[in-house]
Amino acid sequence: MHKRDFIDLRSFSREELEQILLDAEAIKSGQKDVSQVLSGKTLGMLFSVASTRTRLSFLAGTRQMGGHAEYLNTGDLQLKNRETVTDTAKVMDRFLDGLIVRMYDMKSYGSGREALETIAANTSFPVINALDDKDHPCQVMSDVLTIKEQLGPDFRKKKVLLTWGFAQRQKSPGVTHSMMSAAALLGMNLEVAFPEGFEPDEAYINFAKKQAALSGGRLSFSHNMMAAAEGADVIYVKSWKALNLSDEDELAIKNSVRADWCLSSRHFEAASQHAVYMDCLPSIRGEEVTAEVKDGPRSIIFDEAGNRLYMQKAIMNFVFEKIKAPHHIPLFT
Ligand code: CP
């Protein structure tokens, strides 16, 4: 069977995403045993960008599935000495059984995705996107698992607000794009709020609008965090870089809107009575969110982080199930 990469949720069907969610639940409850799925397999973790949660959950998940994951910082490979991504991928294909990649630079939107696609095109093993400049599919699938656990079987009807929050650092819009894709495919009720100038990539907006119409989901946009918080069951805060502004213009807008784009207890007064706060982390107290909310009773952020492990296992199970035969390394070509 042909290999399946896990790069962009737009490449998956609703049924496939639902199956991965069910598998993650079954793995978490102990009903599904995946302890031998990666037996004898060596995965690479090619990272050029810092990571705590994604790195650790893949490391632990691979080990718990019987395999081995080796952390490969791009700065320690010959990529540093201008060996091309294509040559690197072709060499990796001779040694590894799969690759988890976080390699992008927000100064050059789209170049991270290009590198990921180059790797995927030059390898015969599954490639998993551990966050690039366009998507964070593993994070968002894990977040949907958390939302489903939190809101119950009716989670599709409940209102999820994904709101931009102020941060000094320029962050990837990956969570926003992947959440729009997942929510639209699964028929969820999602509102996305952001200041003018911080619009998500139009290609993702168009995909999500079309899919939401097909799935019966709701998708709306707002430029007002307080208004968008009205009746929300989940408020998920995330900062992302403006995709079409110069650094100077972005900074000027960010500083002018900062006070209105820090999630606080005022927003929860407008939200539903049982609304929870989600955040993929890391976030700085006083930037995207107040310390009161982050450390308060609405916060489910560490349960959210913990679910990464079960979802990584479900995703690895999904892609490696497609390749049942061992990954043979040709001796001569
Ligand atoms: N949310 C997330 O991807 O965290 P890390 O950057 O620590 O992996």
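None of these values were measured; they are calculated from a predicted model. Counting starts at 1 for both ligands and their atoms, in listed order.
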Only one of R258, K171, K238, R169 passes salt bridge (charged side-chain N to carboxylate O under 4.0 Å, His left out) with E288, and that residue is K171
Any side-chain donor paired with an acceptor under 3.5 Å for S178 and K134? no
Between the side chains of D8 and Y204, does any donor sit under 3.5 Å from an acceptor? yes
Please check if any side-chain donor atom of T54 sits under 3.5 Å from a side-chain acceptor atom of R308, or the reverse. yes
Do Q170 and K107 have a side chain donor and acceptor closer than 3.5 Å? yes
Does one side chain, of T123 or D93, offer a donor that lies under 3.5 Å from an acceptor on the other? no
Residues lining ligand 1 [heavy-atom distance under 4.0 Å, listed by chain and residue number]: S51, T52, R53, T54, R102, H136, Q139, C280, L281, R308
